[in-house]
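Below is one structure, written out as structure tokens, with a few remarks after it.
Bear in mind the structure is a predicted one, so any value in this text is a computation, not a measurement.
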Number of protein chains: 2
Amino acid sequence: MIHLEWYRIFLHAAKAGNLTKAAGELYITQPSVSYAIKQMEQALSMKLFHRQSKGVELTTEGKQLLLYVEQSFALLEAGEKKMSALKHLTGGELRVGASDSLFKHFLFPYLDTYHKQYPDVRIRLSHGKTSEITARVKEGSIDFGLIHLPTADDPHLDVHTIMTLQDCFVGGEAYRDQAGHPLSAQDISQFPLLLLSPGSSTRRFIEQWFAAQDVAIEADIELGSIDLLIEFAKLGFGVAFVPRSYVVKELAEGTLHELKPAKAIPARSIGITTRRDMTASVAAAKFLVMLSF
Amino acid sequence: MIHLEWYRIFLHAAKAGNLTKAAGELYITQPSVSYAIKQMEQALSMKLFHRQSKGVELTTEGKQLLLYVEQSFALLEAGEKKMSALKHLTGGELRVGASDSLFKHFLFPYLDTYHKQYPDVRIRLSHGKTSEITARVKEGSIDFGLIHLPTADDPHLDVHTIMTLQDCFVGGEAYRDQAGHPLSAQDISQFPLLLLSPGSSTRRFIEQWFAAQDVAIEADIELGSIDLLIEFAKLGFGVAFVPRSYVVKELAEGTLHELKPAKAIPARSIGITTRRDMTASVAAAKFLVMLSF
DNA sequence: CCTTCCCATAAAGGAGCTCTATATCATGAT
DNA sequence: ATCATGATATAGAGCTCCTTTATGGGAAGG
């Protein structure tokens, strides 16, 4: 079999037309080059070079071989360049999965910074419910997912908490009077409730909170976006259940009022999930560092 | 720098998805493969494989690299195939130079045999005068040339005699009576002479023969082809100067008659000329062997 | 004729690949 | 839980074969 390193020597020798010069380019000695070429000629059982007094010249067969070796090496060089680009983040891609609201309210500033710092890294976002995100992480189609915790334990996934989220009930002007005193779950369930659509982890979370207190609830308005819930609450349609950080501005302005449940709503965590047996790509690793992961 | 042999190991490992299996394919041991991959990952300073319990799987970066390495190796393999074809004469070309008459009367049967034996070797013929042929050999555009000897000594060319050629004077029916007795050069010069055009080595040869005997000659008919000279001689146009081997049939039939010069015409040699500092291509070497070179 | 440039060869030395042996870890069955 | 299986990682010794140094020889050019 042909030792591949011979090809590199062959290539230099062919292009230089001079074994001594080729040796210099390769930082080895001339006998080394002679030896390698000789090995190669024996392996192929044909002469590759004519030895002349002023150097070497390819034989007919050698010329043919050069055509292939040249192209082959050009490809390998391109590959090494590509690797370098991936390494230095002047190429490659970052594939993130999360829900729309996490993108908008949490991930966006990081993505913005990342993109400005590494404009050549293509960013691909995919939204979906927690279950869809974890599935994509598992199959490897995204680098990591940003999800609400807790989530079902999966032996193939690693989950790291990166921040906590405090949910709250908010209502418009009509609820100003309710904001002062604690309300039972039963009291709250009597208000028109604005909730995220079923299937979302937030919806499941609040339903469990009520259920733990033996209160059955029914949503008056179901929407797919937290932003829309907030809008409807401001318009007086009822009481919305949303993360408090999403409505700090409205609470300060007084356009929304927070209702205090007698039993505190536990904080929820937001986490990043990755595949346990996969180390992150260079692009993903850099992003995770930004999140002080 | 990346040792090229690593790429081969990388390729097998990537395709097998299993270092142990790759090791088997390469007839080396598993630790060898582990070691090589590790070297490679260190050289590129990035992970190329995810190590899993059931084998290995390419990382994002590894997948990128594979694209290049795969193609590169496909090219090298194609190159090796090509070399094998050249070696086994199922490819390549044979480039021969000679005068038209040498092709027709000498080389043709060999070319025919050669082509039947190695139908995949492309045969390229180029005709010309001796000086043109030798020039092409020197510049490397043909593998060898078939020429009339003697020729000017050239330090870059090797010349081997492969056969001798006896020229003779022949005439048609009208010369039957002259065939019995020796004729002086002077006698012969009086006949209408059918000669090859000036510039050919044959023409120069016969002119020198006459000149050595202080006889000036003038051609009555000058043609570029020995075959035509023979035709005209048969038609009675005069005495043609041609190689005897070209007219053995006519002499036997009695359609042509040979004139015997008092001073014998020296035999001429036909030789093969090749470049001194170049070994013949595989295709050419095989042909030269056929000529019992 | 002598110098210069280049390739081939021989022999010694050593870098690093490869091997054997063993550890470790994950998975799946008992 | 425990064990068997199959995979990769690691350590250390061994040896292959590449590289080097030293030298010879041939061709071209002044």
Task: Polar contact flag, side-chain donor to acceptor under 3.5 angstrom, A:Gln30-A:Ser34 - done: yes

Open item on the list: Any side-chain N or O of A:Thr20 below 4.0 angstrom from OP1/OP2 of C:dC6?
Closed with: no

Open item on the list: Please compare B:Ser53 and B:Lys38 by the position of their nearest nucleotide in DNA chain D and report the one closer to 5'.
Closed with: B:Ser53

TODO: Given side-chain hydrogen bond (donor to acceptor under 3.5 Å, both in side chains), test B:Ser269 with B:Thr164 step by step and report yes or no.
DONE: CA-CA 4 Å; B:Ser269 299; B:Thr164 57; over 6 Å; no

Task: d(CZ, A:Phe49; P, C:dA8) in whole Å - done: 10 Å

TODO: Write down the distance between CD (B:Gln52) and P (C:dC25), rounded to a whole number of angstrom.
DONE: 17 Å

Open item on the list: I want to check one thing: is the phosphate of C:dC6, taken as OP1 and OP2, less than 4.0 Å away from some side-chain N or O of A:Arg51?
Closed with: no

Open item on the list: Students often get this wrong, so: under 4.0 angstrom with heavy atoms, is A:Asp277 touching a base, only sugar-phosphate, or nothing?
Closed with: nothing

Open item on the list: Taking the basic N atoms (NZ, or NE/NH1/NH2) and the acidic carboxylate oxygens, is any pair closer than 4.0 Å for A:Glu70 and A:Lys15?
Closed with: yes

- [ ] Can you tell me the distance, in whole Å, between the CE atom of B:Met40 and the P atom of C:dG16?
- [x] 18 Å

Task: Short side-chain donor-acceptor distance under 3.5 Å, A:Arg268 and A:Thr202 - done: yes

Open item on the list: Under 4.0 Å between a side-chain nitrogen and a carboxylate oxygen: does that hold for B:Glu77 and B:Lys81?
Closed with: no

TODO: Please state how far atom CD in B:Gln42 lies from atom P in D:dA9, giving the value in whole angstrom units.
DONE: 12 Å

Open item on the list: Please determine whether a side-chain nitrogen or oxygen atom of B:Asn18 lies at a distance below 4.0 Å from atom OP1 or OP2 of D:dG6.
Closed with: no

Open item on the list: One pair to check against salt bridge (Lys or Arg N to Asp or Glu O under 4.0 Å): A:Arg204 and A:Glu207. What are the steps and the verdict?
Closed with: CA-CA 5 Å; A:Arg204 221 170 12 251; A:Glu207 280 174 346; over 6 Å; no

Using a cutoff of under 3.5 Å, can you pull out all pairs of nitrogen or oxygen atoms linking the protein to nucleotides 18-22 of chain D, with atom names and distances?
{"from": "D:dC18", "atom 1": "OP2", "to": "A:Tyr35", "atom 2": "OH", "distance (Å)": "3.2"}
{"from": "D:dT19", "atom 1": "OP2", "to": "A:Ser32", "atom 2": "OG", "distance (Å)": "3.2"}
{"from": "D:dT19", "atom 1": "O5'", "to": "A:Ser32", "atom 2": "OG", "distance (Å)": "3.2"}
{"from": "D:dT20", "atom 1": "OP2", "to": "A:Thr29", "atom 2": "N", "distance (Å)": "2.7"}
{"from": "D:dT20", "atom 1": "OP2", "to": "A:Thr29", "atom 2": "OG1", "distance (Å)": "2.8"}

